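Heads up, the thing below is written out as structure tokens.
Predicted model, so just to flag it, every value in this text is computed and none were measured. Just so it is clear: chains get the letters A, B, ... in the order the sequence lines come, proteins before strands, and each one is counted from 1.
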Amino acid sequence: MCDPFCVKKGHFIMSEVRVRFAPSPTGFLHIGGVHTALFNWLFARRQKGVFILRIEDTDQSRSTDESIQAIIDGMKWVGLDWDEGPFRQTERMDLYRSHAMKLFETRHAYWCVCKAEELEARRKEAEAKGLSPRYDGRCRNLGIVDPPKDAALRFRAPQEGQTVIDDLIKGKVVFDNAVLDDVIILRSNGYPTYNFSVVVDDALMGITDVVRGDDHLTNTPRQIPIFAALGFPVPRFGHLPMILGADKTRLSKRHGATSIMAYKDMGYLPDAMVNYLVRLGWSHGDQELFTRQELIEKFSWDHVQKSAAIFNPDKLLWMNAEYIKTSPPGQVAQALVPLLEQAGLGKEVEAVSDEWLAQLVVLVKERAKTLVEMVEWVKPYFGQEAQFDMEAAKKFLTPTVAPLLHKLLARFEAFPSFSKQVWEESFKKLVEEEGVKMSALAQPVRVALTGRTASPGLFEVMEVLGRGRTLFRLRKGLERASTG
RNA sequence: GUCCCCAUCGUCUAGCCUGGCCUAGGACAUUGCCCUUUCAAGGCAGUAACACGGGUUCAAAUCCCGUUGGGGACACCA
């Protein structure tokens, strides 16, 4: 085994793939973040490499511990497990400072005494004149060696030649170095800036493939010269297409929920989220549904789209419905329990078995597109009595149907135990004998059993309810019908 | 303003690299029909796209150039 960087013919032949997801903890983990994390994770798992979680919290004013927790919770929920970390950049300050000083010593960096306000004023002025809002290089050749406390350190970017990226997704991208700015690498408060801390960390953590959002593409030519100046090998880069809202602008709150945990609360299954997100920018022929294992086996950069994708909640909803229908019922039931408790059914849930809950899921899984919808579908099956929907009862539990209902009840009561087939036959026979339409009896029974006009098949409902409760509810329904 | 990226149905995409098999396939959504004890689910069918203009070629969705359109970046944010 050689170390992470084996150099061969000037290219890096990696013994092991090492990738990272490096969010900044300034809010909730959003859909876009999960998307990038997912592609990195898939690549790592496919290559049997290492997936690292790194928290980029060098912006003290915006980073919070709650956000870090939100990132961790979100990652865990979608099942993207990391092999190293979470690392926090604020715990690695010495590393950035020492490397920054190394750049200063090698004259790759210089002190800048321009004030932030001045800089902004100059930038605005340039913009007003229609010029590029770049740093004018004022301090570049001042040769400051003994800087005031509030000086910032700038990287002396190359001004000539080109920087070429052989992007994993976009292919060859060329930048003229003339457009490069001398970026600040150490702020006047001593904290490193993003473009510097990423380079130091990506190098020190042995990241072989830097895969991030499209919006970082123009950061890459800024970072490559820093790798070089520090004497580090340059990793491969890959820039993923962005996720846009329906109006083709960057996905944001305006487009609805963007926090991954909001989808958990809305009753989405993590596997459905992952499956939907992976299809945003990646494909494998015509296949839409993938198991996690299939994803790992089939993932490659070859079929990653170059263009941005629009987030389509309709398709996500469809996919969630697919997962609800096809996931193991016990697993769905487990995910449903917290939502049932939230709906105030904690006691009822406690009173039933896991098996019965799974049976309940099977009963309603075809009609619920989310777990939240499923809670509504499942409510009528808890408790002894059915909660009548007023209008439904008024319409179907009328004195007219009472005699019919009475006859049905009598027949059912005669059976010592429940049998779907036997009870259904008996039901149909009665309908035939009475010469009424199926629905004339079915709807009143449905309302009696569930309190509502829409439900799964009558006999499946009875099966879940059991003989005792079925008879009980039928009697209650008859009572209601008789009194009007 | 400068630089960079992108461009197939409304949306996600297959096909593009290695031109002909494309009268452009699948999925979501949508429309109609079927199934049906309700609501779903399911089945079948339909509407719908190669941004535009030039090349190259016997042949272009596929290769080249330009235009247009969209997106991104240009902070002591990440």
Next item on the list: Using distance alone, with no hydrogens and no angle criterion, decide if Q359(A) and E463(A) have a side-chain donor and acceptor under 3.5 Å apart.
Entry: no
Checklist line | Modelled atom types, side-chain donor and acceptor of N320(A) and T370(A), under 3.5 Å | finding: no
Note to self: Does anything in residues 154-179 of chain A form a salt bridge (Lys or Arg N to Asp or Glu O under 4.0 Å)? List the pairs, not counting sequence neighbours.
What the structure shows: K170(A)-D214(A)
Note to self: Can you tell me whether the side chain of N219(A) and the base of rA78(B) have a donor-acceptor pair closer than 3.5 Å?
What the structure shows: yes
Next item on the list: Grab the two heavy atoms, one from P235(A) and one from V210(A), that are nearest each other, plus how far apart they are.
Entry: CG-CG2, 3.7 Å
Notebook entry, point to check: Of the nucleotides rG10(B), rU38(B), rC4(B), which has the atom closest to the A454(A) side chain?
Noted result: rU38(B)
Check: Which of these nucleotides, rU11(B), rU13(B), rG72(B), is closest to any side-chain atom of T218(A)?
Finding: rG72(B)
Next item on the list: Quick one: label V174(A) by what it contacts on the DNA or RNA (base, sugar-phosphate, nothing), any heavy atom closer than 4.0 Å.
Entry: sugar-phosphate
Next item on the list: Remember a base hit wins even if backbone is also touched, and classify A309(A) as base, sugar-phosphate or nothing at under 4.0 Å, heavy atoms.
Entry: sugar-phosphate
Note to self: Does a side-chain N or O of S283(A) approach OP1 or OP2 of rA14(B) to a distance below 4.0 Å, or not?
What the structure shows: yes
Check: Nearest-Å distance, CG (L441(A)) to C1' (rU38(B))?
Finding: 13 Å
Next item on the list: Would you indicate what H239(A) reaches in the nucleic acid, counting non-hydrogen atoms under 4.0 angstrom: base, sugar-phosphate, or nothing?
Entry: nothing
Notebook entry, point to check: Base, sugar-phosphate alone, or nothing: which one does K124(A) contact when heavy atoms must sit under 4.0 Å apart?
Noted result: nothing
Note to self: Quick check: any donor-acceptor pair below 3.5 Å linking the side-chain of D286(A) to the base of rG25(B)?
What the structure shows: yes
Item checked: Nearest listed nucleotide, side chain of F459(A), among rU37(B), rA27(B), rG71(B) -> rU37(B)
Next item on the list: Quick one: label T193(A) by what it contacts on the DNA or RNA (base, sugar-phosphate, nothing), any heavy atom closer than 4.0 Å.
Entry: sugar-phosphate
Margin query: Is there a side-chain contact between Q89(A) and the phosphate of rA78(B), meaning an N or O under 4.0 Å from OP1 or OP2?
Written below: no
Item checked: D314(A) side chain, from C-beta outward: closest of rA27(B), rA29(B), rG70(B) -> rA29(B)
Notebook entry, point to check: If you measure only the distance, is there a donor-acceptor pair under 3.5 Å linking the side chains of D247(A) and T249(A)?
Noted result: yes
Checklist line | Any K365(A) side-chain N or O less than 4.0 Å from OP1/OP2 of rA40(B) | finding: no
Notebook entry, point to check: Does a side-chain N or O from R250(A) land closer than 4.0 Å to OP1 or OP2 of rA73(B), or not?
Noted result: yes
Check: With sugar-phosphate meaning primed atoms plus P, OP1 and OP2, does S307(A) contact a base, only sugar-phosphate, or nothing at under 4.0 Å between heavy atoms?
Finding: sugar-phosphate
Notebook entry, point to check: Quick one: is rU38(B) close enough that its OP1 or OP2 comes under 4.0 Å of any side-chain N or O from R452(A)?
Noted result: no
Check: Whole Å only: how far is the CE atom of M242(A) from the P atom of rC6(B)?
Finding: 14 Å
Next item on the list: Using a heavy-atom cut-off of under 4.0 Å over every strand shown, decide if G281(A) touches base, sugar-phosphate, or nothing.
Entry: sugar-phosphate
Check: OP1, OP2 of rA41(B) versus side-chain N and O of K369(A): anything below 4.0 Å?
Finding: yes
